[in-house]
Number of protein chains: 4
Amino acid sequence: MSPTTTTVKRERRKEARPGELLDAALSIFVAKGFAATRVEEVAARAGVSKGTLFLYFPSKEELFKAVVRENIAGRFPEWNDELTQFEGDSFSLLAYVMHAWWQRIGMTEASGITKLVMSEAGQFPEIAGFYQQEVIEPSHALLKRILQRGIDRGELRPLNMEYAVYSLIAPMIFLLTWKHAMAPCCPPSQTIDPLGFIDTQVDLLFNGMRAQPAADAPSSPSST
Amino acid sequence: MSPTTTTVKRERRKEARPGELLDAALSIFVAKGFAATRVEEVAARAGVSKGTLFLYFPSKEELFKAVVRENIAGRFPEWNDELTQFEGDSFSLLAYVMHAWWQRIGMTEASGITKLVMSEAGQFPEIAGFYQQEVIEPSHALLKRILQRGIDRGELRPLNMEYAVYSLIAPMIFLLTWKHAMAPCCPPSQTIDPLGFIDTQVDLLFNGMRAQPAADAPSSPSST
Amino acid sequence: MSPTTTTVKRERRKEARPGELLDAALSIFVAKGFAATRVEEVAARAGVSKGTLFLYFPSKEELFKAVVRENIAGRFPEWNDELTQFEGDSFSLLAYVMHAWWQRIGMTEASGITKLVMSEAGQFPEIAGFYQQEVIEPSHALLKRILQRGIDRGELRPLNMEYAVYSLIAPMIFLLTWKHAMAPCCPPSQTIDPLGFIDTQVDLLFNGMRAQPAADAPSSPSST
Amino acid sequence: MSPTTTTVKRERRKEARPGELLDAALSIFVAKGFAATRVEEVAARAGVSKGTLFLYFPSKEELFKAVVRENIAGRFPEWNDELTQFEGDSFSLLAYVMHAWWQRIGMTEASGITKLVMSEAGQFPEIAGFYQQEVIEPSHALLKRILQRGIDRGELRPLNMEYAVYSLIAPMIFLLTWKHAMAPCCPPSQTIDPLGFIDTQVDLLFNGMRAQPAADAPSSPSST
DNA sequence: CATGAATGAGCCTTCATTCAT
DNA sequence: GATGAATGAAGGCTCATTCAT
């Protein structure tokens, strides 16, 4: 029925396959988005056939979820630990966290995942829901712990927790969006230096969040 | 008065076609994104046939560009004028601008356009380039004028213009992203109140940007 | 994007298409069964492209349902009318009905449909359910009317209606099964002459069903 | 007694493999049909790997043929003997044979084989031919012997042997078809009680077949 | 002999674009 | 100008079969 005309080299590497596929998938998902990624291309980049991919992941969607788990969702425990062990003032901690995020996510391919989810959530609600649960909520929890620690230590003034978290997240989301969407079309003059931008943001934000040393110093017009 | 005034709406006047198509396209592009929008659906909503759409716009991509021109790119002159006439301090101006943006873009269907471009720029570089030229650059120019005005008036300290602009834009981009991507999957507890968030941001940012009347914290007017 | 290399002849025959597709589908479904039929082959036989088929029928399954409606289900009203107008005794009516069935269904391509449904019902429960509703139930109703008429006229003895209906159906189902499954492999000596077989069945069945003029076996008028 | 008797089931003796595969295949073919059966599932049920199955059977089709050979062909001698020894009138014999068929084939898994062959013969003519020779012909021979016995004993009137045989087979084929195809979709009201149906058939058929006690009793209109 | 990882042809369905009417 | 019927390439997923280990 199906005469295999070309002799194919078949390597048996069961252990290695999932990882290779995940790597390939990460790259291609990030480059093309979820809908535009063809599973065949992922398989090809991993050096296997289309069928092989489905041996390890039952669907494109599950493949994507696995990529998310591998690259982001699975790393929160480690980050939580790191956080718990941090010693130092809140300003340093915030700066540290945001730098670390940039180093580990923002500047890596993994950043494309978040961008992708933000882009295609509307078309793939299940993915959006998954990301919400496995990434967004843990992130928020982690940031809230940081803020609460600052408040408890008297370094941050009492804050509307939700807004504060979003204030921290917003520049990151922006950075990702910009990097993946507009940067490739940007004239060099408008290129953003991410670390510089992050520092600026941390500065601005911390300025607005920190506990005021003197009670009568209305440092923000609206706070009066 | 004269019967000629009501010749209108014979069957559906030809001159109106492009506008109707543009309106339909806006709604559907925003709701579904560029790739997921079917031209047939746009045509149907405009009450014409698929073939007719291609009579006015040579391709889906050109249709989209026309939508962008119609809804965003064409409105900068008006906004520039408004700005020029504004009287008041920089804090008020910034707050005004950001509220105005929310009223006119952020909370309207037009916001979806920006979200869409950010989402699909990677797949459609020509759209990204087009948007960069026709929307991003004018926006930046406008914001820079505002900041420059503040510096000139001594209300803002000298700033890294690029960072500052991005600091203003970031929360807006974030708001759009969140609204269109995650909000539909968010538990109510995490819902963002846009105006509250904007106020918070303006506050934080202005705090960090404004010129310090005195070297240190107490900025009370009486000390001047 | 998609340069049409070959110039294709495009005929616009909206009115004719569904019928042509239905005819093509009937032939191929009957020849290959539901699962083994490829929509592309149906389209090709109808002289159109694959896409065109989906213009008229939203799925392979709906195509099949349309075939059933066109060739069987849609014809019950006509048959019911015919029945109502029949004048004559029950034996003649039964014989007539079974001959008519053979002429209009059994010996035509349409017979393959019933065979197909019996064969693949297990794999396609929705098709089975559809057939049950649109064909089986009307058939049963029609046959019950015939039997009831016979009872009312005193020509048939009171019967277990269900068994009686199945007794009428069984030889038809058998005939179909045999024709489509075994006949092609049968030695000529075992070939069934359908009309002869049907007559035999009608005879046997009527014999068992008819009202007995006398209570027991010797039914000779003289003995009364 | 001696330890050698229990060498059995070392790991799972090689000679038993084909039989285990055949058993597994029977169940699954019957449950799902030929096309819908996955060889992997057969292998899994037999407790071996997919590759092993192909070691014993070169293709799915050959596996199926082996199943047919294994399960139906070998039992006719036994049934013939039983027949020969039967003492009693033809009505009892017919009733006995048909009940026995139901007990031994109709209500067991083996019935699925016949149904399956009827269903897929069209796609696999070789299977159909094989079945014709190994099952159909012996069955017919057996039934003809029964009928001949009845004629010889003066209990049955002279019959067209072929038609009469098919009259006996038809309800059985129908029963199988219905059981495997439509019963799962049937409303309970239409459920067939197989034994009741068989009794009804035997009754009807015998009524039509038996020798007439009185020569002048036209028990069937057409027989005059 | 057994295994099970790997293959790849095959199939249904979608949709931007074309073009005969 | 309009129309909308027609096209055909593309893509996710299945599964019988192969073959390196």
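Atom set for the values below is all heavy atoms of this structure, side chains included, hydrogens, waters and symmetry mates excluded. Naming convention: chains lettered A, B, ... in sequence-line order (proteins, then strands); numbering from 1 in each chain.
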Using whole Å, report how far [atom1] of [X] lies from [atom2] of [N].
X       : N      : atom1 : atom2 : result
B:Arg38 : F:dG4  : CZ    : P     : 17 Å
A:Leu21 : E:dT7  : CG    : C1'   : 14 Å
B:Glu62 : E:dT17 : CD    : P     : 11 Å
B:Phe64 : E:dA16 : CZ    : P     : 15 Å
D:Glu40 : E:dG4  : CD    : P     : 10 Å
B:Glu61 : E:dC15 : CD    : C1'   : 16 Å
D:Leu55 : F:dT18 : CG    : P     : 12 Å
A:Phe57 : E:dA5  : CZ    : C1'   : 15 Å

| said: Could you tell me how far E:dC1 sits from F:dT21 if I compare only their P atoms? Round to whole Å. | reply: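 Those two atoms are separated by 22 Å.
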| query | If each of C:Phe34 and A:Leu53 is mapped to the nucleotide of DNA chain E with the nearest heavy atom, which maps nearer the 5' terminus, i.e. the 5' end? | reply |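 Going by which nucleotide is closer to the 5' end, it is A:Leu53.
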| message | If I take atom CZ from residue C:Phe64 and atom CG from residue C:Leu116, how far apart are they, to the nearest 0.5 angstrom? | response |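 Interatomic distance, C:Phe64 CZ to C:Leu116 CG, rounded to 0.5 Å: 4.5 Å.
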| query | So B:Ser119 and A:Glu120, side chain to side chain donor-acceptor pair (under 3.5 Å) or not? Walk me through it. | reply | CA-CA 7 Å; B:Ser119 294; A:Glu120 314 202 41; over 6 Å; no
| Backbone N/O of C:Thr37 and side chain of C:Lys60: donor-acceptor pair under 3.5 Å |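 Yes; judged by distance alone, with no hydrogens or angles, the pair exists.
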| task | Look at the side chain of A:Lys115 and the backbone N and O of A:Val30, then say whether any donor-acceptor pair between them is shorter than 3.5 Å. | result |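 Absent.
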| Applying a 3.5 Å limit to both distances, which nucleotide forms a Watson-Crick or G-U wobble pair with E:dC11? |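 The answer is F:dG12, by the H-bond criterion.
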| Watson-Crick or G-U wobble mate for E:dA20, both contacts under 3.5 Å |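 Across any shown strand, E:dA20 pairs with F:dT3.
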| message | Please confirm whether the shortest side-chain N or O distance from D:Thr52 to OP1 or OP2 of E:dT3 is below 4.0 Å. | response |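 For D:Thr52, the contact criterion (side-chain N or O under 4.0 Å from OP1 or OP2 of E:dT3) is met.
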| task | Considering just the side-chain nitrogens and oxygens of C:Tyr56, establish if one lies under 4.0 Å of OP1 or OP2 belonging to F:dA6. | result |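 So the side-chain polar atoms of C:Tyr56 do come within 4.0 Å of the phosphate oxygens OP1 or OP2 of F:dA6, strictly under.
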| Closest-nucleotide ordering on DNA chain F, the 5'-leading residue of D:Ser59 and A:Phe54 |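 The residue mapped nearer the 5' terminus is A:Phe54.
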| Whichever of A:Pro58 and C:Gly47 has its nearest DNA chain F nucleotide further upstream toward 5' |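 Counting from the 5' end, the first nearest nucleotide belongs to C:Gly47.
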| Given F:dT3, E:dG8, F:dA16, which nucleotide is nearest the side-chain atoms of A:Ser49? |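 For the A:Ser49 side chain, the nearest candidate turns out to be E:dG8.
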| message | Looking at every non-hydrogen atom in both residues, tell me the closest pair between A:Phe57 and A:Ala66 and how far apart they are. | response |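 What the structure gives for the nearest pair is CE2-CB, 3.6 Å.
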| query | Can you find a donor-acceptor N/O pair under 3.5 angstrom joining the side chain of D:Lys50 to the base of F:dT17? | reply |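 Such a pair is found, so the answer is yes.
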| query | Which is true for B:Val39 with a 4.0 Å heavy-atom rule: it touches a base, it touches only sugar-phosphate, or it touches nothing? | reply |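 Base: the residue B:Val39, judged by heavy atoms under 4.0 Å, touches a nucleobase.
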